[in-house]
> 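My questions will all concern the structure given below.
In what follows, every heavy atom counts, from backbone to side chain, and hydrogens, waters and symmetry copies are set aside.
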Amino acid sequence: MTNSPRQHADELHEHDRGLSHDLKSMLSRRRALFVFGAAGATALAACSTAGSTATPSSTGAAATTAETVSDGTCVAAAPQETAGPYPGDGSNGPNVLVESGIVRQDIRSSFGAYSGTAEGVATTIELRLQDLTKDCAAGAGMAVYLWHCDRDGEYSLYGQGITEQNYLRGVQVADSAGTVSFTSIFPACYSGRWPHIHFEVFDSLESAVAGEDARLTSQIAVPQDACTTVFAYDSGYANSVGNLSKVSLDSDNVFGDGWDAELATVTGEPATGMTISITIGVAEKSANTQSAPSGPGGGGGQPPAGAPGR
């Protein structure tokens, strides 16, 4: 991949049209997980518990599945989790959220002043948001900032050799069904952490691109069977094979205290593309409290050789 800054041509590129263009460019996408949440008697009475069914395993690649959620069924609130040391949201160094071009569906390539594309198994990441403060209604209009490590277990803007890359980071706004979708790659498994995806939920796009006042910061756990299949398929994930064998959801310093509301469903095949899907219950901001990490690194785990901790 190329690490040099993007050469600017005379024409105006889509990602250089400015924030006002980004704010007008929004539409999003797809899907689901069921874990019955104890959100209080009022929420339980307001939301039907009927209609939830187990999602079948993925075709060919037998991915571990969560359960889907039907319209009108509440999911449990996603727990507040650490953003880790490399969020790129201004809380620890660079703030990609204020950069024109961050609002995008395909996050595989860098944007703005940077060029370069993250290599790996093509993956669609789909989040369906439920607003638990509104009787589990679709979180239409909420904005999601999503980021994760590359095939080598490094994070753009921070990782060794990729401080001048900002790929695998992007913002989308939920459609009328509360769905956002990102085109990305399958995340690696680096030493000390279970394979995962970071995200922040904001009440609006305006809040997201201002880089402040996230309503929820959390993480998504990727099922083991899907990870095993992808890592065996693509030799670029070679280090992930050994790393995955040394960690479990139980031992992970983020998911070890429970992962029911954070475990995604994965479908597809590495050759044609994977899809990671989950429904996220978004509680009011004051209800989102974070438990202390159960291991070193502030919820980041140990880094690949030669890189700082995550």
Side-chain angles (χ1 to χ4, degrees), residues 1-30 83-120 122-127 129 139-150 154-159 161-176 178-185 187 197-218:
M1 65 184 70
T2 304
N3 287 332
S4 61
R6 184 187 299 275
Q7 298 298 315
H8 293 287
D10 292 336
E11 69 272 19
L12 187 63
H13 290 283
E14 187 72 12
H15 58 254
D16 290 328
R17 294 181 184 271
L19 179 58
S20 62
H21 175 74
D22 290 341
L23 293 174
K24 296 175 182 176
S25 300
M26 292 300 36
L27 283 173
S28 307
R29 335 291 171 207
R30 332 214 200 293
Y86 308 125
D89 62 359
S91 62
N92 186 27
N95 188 355
V96 73
L97 291 175
V98 300
E99 298 293 333
S100 177
I102 187 60
V103 182
R104 64 212 187 110
Q105 195 270 337
D106 191 332
I107 62 175
R108 291 173 294 181
S109 295
S110 291
F111 66 93
Y114 303 130
S115 64
T117 300
E119 298 180 351
T123 301
T124 299
I125 304 171
E126 301 173 341
L127 284 70
L129 306 177
M142 289 181 175
V144 173
Y145 168 45
L146 181 141
W147 74 99
H148 62 82
C149 71
D150 64 15
E154 300 278 3
Y155 287 85
S156 67
L157 298 174
Y158 300 92
I162 56 172
T163 56
E164 293 189 351
Q165 297 292 339
N166 53 19
Y167 52 57
L168 306 184
R169 300 177 184 273
V171 171
Q172 282 281 281
V173 175
D175 62 16
S176 60
T179 303
V180 296
S181 176
F182 297 87
T183 298
S184 191
I185 65 165
I197 297 165
H198 294 268
F199 68 96
E200 293 176 343
V201 179
F202 297 81
D203 284 325
S204 67
L205 177 59
E206 289 79 6
S207 293
V209 297
E212 58 187 22
D213 202 28
R215 180 164 156 184
L216 172 68
T217 300
S218 195

> If you take all heavy atoms of F182 and I107, which pair is closest and at what distance?
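In terms of heavy atoms, the two residues are closest at CD2-CG2, 3.9 Å.
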> Between E99 and F111, is the side chain to side chain contact (heavy atoms under 4.5 Å, CB included) condition met? List the steps.
CA-CA 9 Å; E99 298 293 333; F111 66 93; 3.9 Å; yes
> Checking T163 now: which residues fulfil side chain to side chain contact (heavy atoms under 4.5 Å, CB included) with it, not counting sequence neighbours?
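Side chain to side chain contact (heavy atoms under 4.5 Å, CB included) list for T163, sorted by chain: empty.
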> Applying the side-chain contact (heavy atoms from CB on, under 4.5 Å) test to L146, which of L168, I125, V180, V171 qualifies?
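Only one option passes, and that is I125.
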> What's the spacing between S218 OG and I197 CD1 if we round to 0.5 Å?
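Those atoms lie 11.5 Å apart.
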> Could you check whether Y155 and R169, counting side-chain N and O atoms only, form a donor-acceptor pair closer than 3.5 Å?
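On atom types as modelled, these side chains do not qualify, holding no pair under 3.5 Å.
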> Step by step, would you call T124 with S184 a side chain to side chain contact (heavy atoms under 4.5 Å, CB included)?
CA-CA 6 Å; T124 299; S184 191; over 6 Å; no
> Of all heavy-atom pairs between P87 and N92, which one has the smallest distance, and what is that distance?
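The answer is CD-CB, 4.2 Å.
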> First locate atom CG of N95, then atom CD of E212, and finally report the distance between them rounded to the nearest 0.5 Å.
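One gets 9.5 Å once the value is rounded to the nearest 0.5 Å.
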> Can a donor-acceptor pair be found between the side chains of R108 and T183 at a distance below 3.5 Å?
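The criterion, which ignores hydrogens and geometry beyond distance, is not satisfied for T183 and R108.
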> Compare every heavy atom of G211 with every heavy atom of L97, then report the nearest pair and how far apart it is.
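Smallest interatomic distance, heavy atoms only, reads CD1-CA, 3.7 Å.
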> Keeping Q172 on the side-chain end and Y145 on the backbone end, is there a donor-acceptor pair under 3.5 Å?
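Side chain of Q172 to backbone of Y145, a donor-acceptor pair under 3.5 Å: no, none is there.
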> Within the structure provided, determine whether V96 and L157 are in side-chain contact (heavy-atom separation under 4.5 Å).
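Yes, their side chains come closer than 4.5 Å.
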> Roughly how far apart are D213 CG and R215 CZ, rounded to 0.5 Å?
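Nearest 0.5 Å value for the CG-CZ distance: 10.5 Å.
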> Can you tell me how far CG of D203 sits from CG of L216, rounded to the nearest 0.5 angstrom?
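One gets 10.5 Å once the value is rounded to the nearest 0.5 Å.
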> So S156 and W147, do their side chains get closer than 4.5 Å, heavy atoms only?
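Not in contact.
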> How long is the straight-line distance from CD1 of I185 back to NE2 of H148, given to the nearest 0.5 Å?
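Here the interatomic distance stands at 6.0 Å.
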> Any idea which heavy atoms bring Y167 and I162 closest together, and the distance?
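Y167 and I162 have their closest heavy atoms at OH-CG2, 3.4 Å.
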> If every non-hydrogen atom of Q165 is compared with every non-hydrogen atom of G116, which pair is closest and at what distance?
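Smallest interatomic distance, heavy atoms only, reads OE1-CA, 3.5 Å.
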> If you compare all heavy atoms of A210 against all heavy atoms of V98, which two are closest, and at what distance to 0.1 Å?
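Between these two residues, the closest heavy atoms are O-CG1, 4.0 Å.
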> Check whether any side-chain N or O of S110 sits under 3.5 Å from a backbone N or O of N166 as a donor-acceptor pair, and report yes or no.
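Indeed, once roles are kept as given, a pair shorter than 3.5 Å links the two residues.
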> Of all residues at least two apart in sequence or in a different chain, which pass the side chain to side chain contact (heavy atoms under 4.5 Å, CB included) check with S207?
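Result, side chain to side chain contact (heavy atoms under 4.5 Å, CB included) vs S207: F202, S204.
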> Nearest 0.5 Å, please: how far is SG in C149 from OH in Y86?
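One finds 12.5 Å between OH of Y86 and SG of C149.
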